[in-house]
Amino acid sequence: ISWDNNIYNFKDVNIINNDLQAEINGEYSHRSNEESAINMEINIANILIPELKKYYPKQLGDKALNWLDTSLLKGIAKKTAIKFDGKLADFPFTDGNNKPDRSKGLFTIISSVKDSFIEYGSGWPEIEAFDFNIEVNSNYVKFIGLNGHIQDNRIKNIEAVIDSFNVKSPLISVNTILDAPANKLINAINNSPIKDSMKGVTKNMIGHGPGELNISLVIPMDDVDNIKFTGAYDFQGSKIENQKIGIPKIENIYGILEFDNNNISIKKANATLYNSPLTIELATNKGVNQFRVNGVFNNAFVGEMFTSQFSNKINGETPWIAEINLFKDKTDINIKSNMAGLSINSLGILDKNSDDLRSFNFSKKSSAGSYENIKFKYGESVTAEITQEKDGDGTLINKVGLISVNSPNNVMPKSGVRLIANLDYINVEDYLSIIDNDGESFLTEASLLIKELNIMNYKIHNTSIKYMPSTKSIKYMPQN
């Protein structure tokens with residue numbers, strides 16, 4: 001170190017303390033009337049990120065300094081090179097548009113940070129094991145990610161920019177691409193503010209398979225509770241299901257899910273449900289996430305739902321449309337089809353030719369409380385309505401219901417689920433595959449009138465059957 005009056009020269013000066021080891025070259029000119037200037041280069045081999053707070057320039061401003069103090073929590077900065085050339089009063093050397101102005105001075109930092117841990121916003125998952133390069137030019141800061149992960153989703157690309165750290169409310173703009181398998185993405189969403197815009201779609205959801213997340217954040221450094229975000233998730237053959245809100249296992253999903261703070265949307269995704277093709281659209285309307293799903297009933301679909309013995313009685317296929325509305329605390333579902341193109345054989349009252357039109361309607365409406373109402377109609381001959389209520393652990397149990405098959409009796413019981421059916425012909429073997437012999441029946445009582453009942457090729461005519469599970473008995477009363 002040498003000096004001449006108010007000019008101090010530094011040559012190969014090494015500073016070592018508990019935080020860092022630095023080499024300094026340059027000069028400092030001490031003058032009055034805000035004319036003091038620095039022309040200096042500083043090279044720091046290694047410094048721990050938590051210790052940097054002692055050395056941040058105060059000109060960064062209180063808000064930027066506070067964000068740096070509370071967000072950059074771990075890591076080590078290597079090969080840090082700092083250049084400063086200009087009057088201290090002119091720092092950070094910007095023009096009238098607050099852009100870097102080389103004619104006023106030079107302030108640059110280049111560094112490589114390893115194994116960092118960053119909490120960038122309240123409620124958001126942290127960036128872990130994060131390696132990145134940092135470039136500073138006057139008031140412009142750029143972070144270029146190399147590797148790391150967010151909630152176990154591998155970072156493929158990430159870039160963050162502070163365009164002007166010297167403004168009243170500085171912003172950080174982040175753009176990142178994550179290798180995000182469906183299961184890990186769901187976990188990340190459910191542990192971030194993004195779950196609010198999903199409005200329950202991902203809560204209790206199970207997922208598997210590949211996907212890629214592209215997301216952009218705008219982070220106010222003085223208000224990290226109000227991060228703005230937009231993103232898109234690319235399903236790449238993924239599978240999801242959410243039995244809690246009535247979404248069955250949907251597989252082989254290809255499509256783009258777009259979202260922001262208030263809305264989510266799917267323009268058109270292709271998938272399969274029970275080995276049958278499916279298209280999915282999604283939009284947010286007045287705060288409600290609305291799905292529109294198009295699929296087909298065919299023997300593959302029926303075979304997956306029941307068994308091949310049942311599906312063998314199905315030929316052809318027919319389109320169906322489902323509309324699903326996801327509210328904050330309830331789900332409404334409506335499925336309909338005219339059954340055109342599908343033939344059903346040997347199932348009695350369900351039988352139809354492929355040219356016959358037969359209305360198929362299924363709906364489920366939830367109340368804001370603990371009730372659900374289910375309605376079903378097939379043609380003019382089969383109707384059903386069941387009201388369910390959640391018990392103490394949230395499981396839905398049947399409270400009251402009526403299933404009517406070709407019967408004018410439509411009196412709803414006061415409690416329990418009643419089945420009333422008038423049938424021309426039943427072959428018991430046709431229905432054995434869909435009867436659960438081990439499970440408890442959801443029926444409280446059943447009354448069947450069958451003109452011809454076939455049991456193991458024995459025919460019984462004009463049979464009346466009373467079924468009462470509570471007594472664990474079935475009364476057969478053949479009239480002939």
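The first residue in the sequence is number 1, and the count goes up from there. Quick caveat, the model's predicted, so the values are computed rather than measured.
- Between the side chain of T318 and the main chain of A340, a donor-acceptor pair closer than 3.5 Å is present.
- In this structure, OG1 in T230 is found 12.0 Å from CG in N263, a value given to the nearest 0.5 Å.
- Put simply, the side chain of D95 gets close to the backbone of N98: a donor and an acceptor are under 3.5 Å apart.
- Taking a cutoff of 4.0 Å between a charged side-chain nitrogen and a carboxylate oxygen, E323 and K336 do not qualify as a salt bridge.
- Few gaps surround NZ on K195; more than 12 heavy atoms of other groups in view lie less than 6.0 Å from it.
- A donor-acceptor pair under 3.5 Å is absent between the side-chain atoms of S381 and the main chain of V405, judged by distance alone.
- Between F91 and F165, the ring planes are tilted. Angles from 30° to 60° get that label.
- For the atom pair I420 CD1 and T383 OG1, the distance stands at 9.5 Å (nearest 0.5 Å).
- Judged by distance alone, with hydrogens and angles left aside, the side-chain atoms of N298 form a donor-acceptor pair with the main-chain N or O of A300 at under 3.5 Å.
- Listed here is the closest heavy atom pair of M339 and F297: SD-CD1, 4.2 Å.
- Residues F376 and Y378 place their aromatic rings such that the two centres sit no closer than 6.0 Å.
- Side-chain contact between I264 and V201 is present, with heavy atoms from C-beta onward closer than 4.5 Å.
- A pairwise comparison of heavy atoms in A188 and P125 identifies O-CG, 4.4 Å as the closest pair.
- Taking the side chain as every heavy atom from C-beta outward, K249 and I247 never approach each other to under 4.5 Å.
- Taking a cutoff of 4.0 Å between a charged side-chain nitrogen and a carboxylate oxygen, K142 and E159 qualify as a salt bridge.
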Hey, mind stepping through L217 and Y120 against side-chain contact (heavy atoms from CB on, under 4.5 Å) and telling me if it holds? CA-CA 10 Å; L217 310 175; Y120 51 93; 3.7 Å; yes
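- Taking CD1 of I227 as the reference point, atom CD1 of I219 lies at 4.5 Å (rounded to 0.5 Å).
- Using a cut-off of 4.0 Å between Lys/Arg side-chain N and Asp/Glu carboxylate O, E389 and K399 are scored as salt-bridged.
- Minimum heavy-atom separation, P319 to S337: O-OG, 2.8 Å.
- Annotation: side chain of F130 is not in contact with side chain of F143 (no heavy-atom distance under 4.5 Å).
- With D131 contributing its side chain and G148 its backbone, the two residues share no donor-acceptor pair below 3.5 Å.
- Salt bridge present: K267 and E258 bring a charged side-chain N and a carboxylate O closer than 4.0 Å.
- Among D163, N139, N137, the one residue that satisfies the side chain to side chain donor-acceptor pair (under 3.5 Å) test with K99 is D163.
- Side-chain contact check for I314 versus N312: every heavy-atom pair is 4.5 Å or farther apart.
- Between R358 and G379, the shortest heavy-atom contact is CD-CA, 3.7 Å.
- Y371 places a side-chain heavy atom less than 4.5 Å from the side chain of T387.
- Of the inter-residue distances, the one linking E372 atom CD with S366 atom OG reads 3.5 Å to the nearest 0.5 angstrom.
- In this structure, P170 and S164 approach most closely via the heavy-atom pair CB-O, 3.7 Å.
- Of the possible polar contacts, none joining the D115 side chain to the G75 backbone as a donor-acceptor pair under 3.5 Å is found.
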In sequence, state the C-alpha distance, the side-chain angles, and the governing distance for N187 and N183, and then conclude on side chain to side chain donor-acceptor pair (under 3.5 Å). CA-CA 6 Å; N187 185 45; N183 59 322; over 6 Å; no
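- Electrostatic pairing of D332 and K364 does not count as a salt bridge here, judged by no charged N lying under 4.0 Å from a carboxylate O.
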Between I76 and K78, does the side-chain contact (heavy atoms from CB on, under 4.5 Å) criterion hold? Intermediate values first, please. CA-CA 6 Å; I76 183 169; K78 295 176 174 289; 4.1 Å; yes
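- Across D222 and K168, no two heavy atoms sit closer than the pair OD2-O, 4.4 Å.
- For K352, the NZ atom counts as densely surrounded, since its 6.0 Å shell holds more than 12 non-hydrogen atoms of other residues, nucleotides or ligands.
- In this structure, L273 and F301 have side chains that are in contact, with non-hydrogen atoms separated by less than 4.5 Å.
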Between K377 and V382, is the side-chain contact (heavy atoms from CB on, under 4.5 Å) condition met? List the steps. CA-CA 6 Å; K377 184 176 182 181; V382 181; over 6 Å; no
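- Between K239 and E251, at least one side-chain nitrogen of the basic residue sits less than 4.0 Å from a carboxylate oxygen of the acidic one, meeting the salt-bridge criterion.
- Remark: T279 OG1 to I266 CD1 distance equals 11.0 Å, nearest 0.5 Å.
- With rounding to the nearest 0.5 Å, the separation of CD1 in I118 from CD1 in I127 is 5.0 Å.
- Taking the side chain as every heavy atom from C-beta outward, S112 and K79 never approach each other to under 4.5 Å.
- Within the 4.5 Å cutoff, the side chain of N43 has no heavy atoms near those of the T80 side chain.
- Here the side chain of N153 pairs a donor or acceptor atom with the backbone of K184 at under 3.5 angstrom.
- The ring of W320 has its center no closer than 6.0 angstrom to the ring center of F362.
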Determine whether Y233 and L185 satisfy the following criterion, side-chain contact (heavy atoms from CB on, under 4.5 Å), listing intermediate values before the conclusion. CA-CA 9 Å; Y233 182 71; L185 173 78; 3.3 Å; yes
